[in-house]
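A quick write-up on the structure given underneath.
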Amino acid sequence: MPKEARPGTGEQAKQHALTQLRQAILAGEMAPAQRLVENELAEQFGVTRASIRAALIDLASEGLVERIRNRGSRVRVVSVEEAVAITECRMALEGLCAAKAAVQASAEQLTELADLGTAMSKAVADGEPMTYSRLNHELHGRIREISGQQVAVELLERLNAQLVRHRFQLALRPGRPQQSLSEHLAMIEAIQARDPQAAEAAVRTHLAGVIDALRE
């Protein structure tokens, strides 16, 4: 957005800063523990310090930013132990979404999931871990959307946002995409079979593997 077109003050400015900061953190452009200096961010985004401060408060409530008394803000560091705890919560919520998706999915949506599985297989075969990671994220997102369970979707979006650093690290770990591919394909097959119990079980098996990988 050209600087002159950026909102400088008010709620619109805060929302602009909030969106840009959230995207930068989720994309890994801002590293865990990186200091977030209000003056620098205000200049970067063409808004006031007050707008940046309000955006940082919102991001702290989302678990993406940590505000330290008398020291300002930084990108929050999520420990392995906390990542495991978050993933355990994901088991229940994503299992629910997969079970509902197995019942709710249209024929077109089932085809879309199958196509994602094919693309993930190709990414593994071609040795493209970041492409696989993106498709992995997309698959989980589509299953959540298909489920229609909006409360679970909103909770998972917040939980998953806190795992971005660990997701990137696992994607780049040698052998991890090959290991998780079969788990994702099992999730897709169970949803295609319209078997909610099997779909939930497949998600739980997959996320148990994620927990094991986090602890390695």
Side-chain angles (χ1 to χ4, degrees), residues 1-90 93-94 97 129-142 144-145 150-173 176 207 210-211 213-215:
M1 181 183 292
K3 188 166 185 177
E4 62 271 18
R6 293 172 180 166
T9 60
E11 179 64 20
Q12 189 179 4
K14 187 201 87 167
Q15 290 299 326
H16 171 71
L18 179 63
T19 298
Q20 296 299 314
L21 282 166
R22 187 190 291 117
Q23 287 177 348
I25 293 171
L26 295 182
E29 295 169 7
M30 292 181 172
Q34 179 176 329
R35 288 189 64 225
L36 301 169
V37 181
E38 290 177 4
N39 280 339
E40 294 176 0
L41 294 171
E43 182 177 353
Q44 179 179 347
F45 298 129
V47 299
T48 64
R49 281 188 64 186
S51 296
I52 292 295
R53 191 175 303 117
L56 291 173
I57 290 170
D58 281 8
L59 290 171
S61 73
E62 294 177 17
L64 297 180
V65 165
E66 181 180 15
R67 292 178 61 78
I68 304 171
R69 186 176 179 84
N70 299 323
R71 295 182 62 186
S73 301
R74 68 177 187 177
V75 179
R76 195 166 79 86
V77 177
V78 176
S79 68
V80 169
E81 292 77 12
E82 187 176 359
V84 167
I86 290 171
T87 305
E88 288 173 341
C89 292
R90 285 180 62 202
L93 293 168
E94 294 215 27
C97 288
M130 294 312 297
T131 298
Y132 179 82
S133 178
R134 175 181 58 77
L135 292 167
N136 174 2
H137 191 62
E138 185 177 346
L139 173 65
H140 283 272
R142 285 301 293 136
R144 293 195 297 270
E145 291 171 11
Q150 193 57 36
V151 173
V153 168
E154 291 173 2
L155 289 169
L156 282 164
E157 285 177 354
R158 178 167 176 164
L159 291 173
N160 286 325
Q162 298 176 55
L163 294 175
V164 61
R165 176 175 69 96
H166 295 284
R167 180 163 61 88
F168 284 139
Q169 288 177 339
L170 288 182
L172 294 172
R173 183 178 297 177
R176 178 60 196 163
L207 292 177
V210 171
I211 289 173
L214 286 168
R215 285 176 168 154

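Between Leu59 and Leu36, the closest side-chain pair of non-hydrogen atoms is not below 4.5 Å. A heavy-atom distance below 4.5 Å is not found between the side chains of His16 and Gln12. Residues Leu207 and Ile211 are not in side-chain contact: their nearest non-hydrogen atoms beyond the backbone lie 4.5 Å or more apart. The shortest distance between side-chain heavy atoms of Glu94 and Asn160 falls below 4.5 Å. Residues Val210 and Arg176 have side chains in contact (heavy-atom distance under 4.5 Å, counting atoms from C-beta outward). Inter-residue side-chain proximity for Leu64 and Val164 is flagged as unmet; no heavy-atom pair is nearer than 4.5 Å. Side-chain atoms of Gln20 and Val47, non-hydrogen and from C-beta on, never get closer than 4.5 Å to each other.
Interatomic distance, Leu93 CG to Leu155 CG, rounded to the nearest 0.5 Å: 5.5 Å. Rounded to the nearest 0.5 angstrom, Glu38 CD and Glu43 CD are separated by 14.0 Å. A distance of 7.5 Å separates CZ of Arg67 from CZ of Arg53, quoted to the nearest 0.5 Å. One finds the CZ atom of Arg165 at 14.0 Å from the CG atom of Leu26 (value rounded to the nearest 0.5 Å).
For the side-chain hydrogen bond (donor to acceptor under 3.5 Å, both in side chains) test, residues two or more places apart in sequence or in another chain that qualify with Asn136 are His140, His184. Residues passing the side-chain hydrogen bond (donor to acceptor under 3.5 Å, both in side chains) test with Gln15, sequence neighbours excluded: Glu11.
Each of Arg22, Arg76, Gln162 was scored for a side-chain hydrogen bond (donor to acceptor under 3.5 Å, both in side chains) with Glu62, with one residue passing: Arg22. The only option from Asp58, Val65, Leu56, Val75 that meets the side chain to side chain contact (heavy atoms under 4.5 Å, CB included) definition with Leu21 turns out to be Leu56.
Counting only distance, with no hydrogens or angles, the side chain of His166 and the backbone of Val78 share a donor-acceptor pair below 3.5 Å.
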Worksheet item: What do the steps show when you test Leu163 against Arg90 for side-chain contact (heavy atoms from CB on, under 4.5 Å), and what is the final call?
Response: CA-CA 11 Å; Leu163 294 175; Arg90 285 180 62 202; 3.8 Å; yes

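Here salt bridge (Lys or Arg N to Asp or Glu O under 4.0 Å) pairs that include residues 132-141, with residues two or more places apart or in two chains, are Arg134-Glu138.
Taking a 6.0 Å sphere around CZ of Arg35, one finds it holds 12 or fewer heavy atoms contributed by other residues, nucleotides or ligands.
Closest approach of Ala54 to Lys14, counting heavy atoms only: CB-CD, 3.4 Å.
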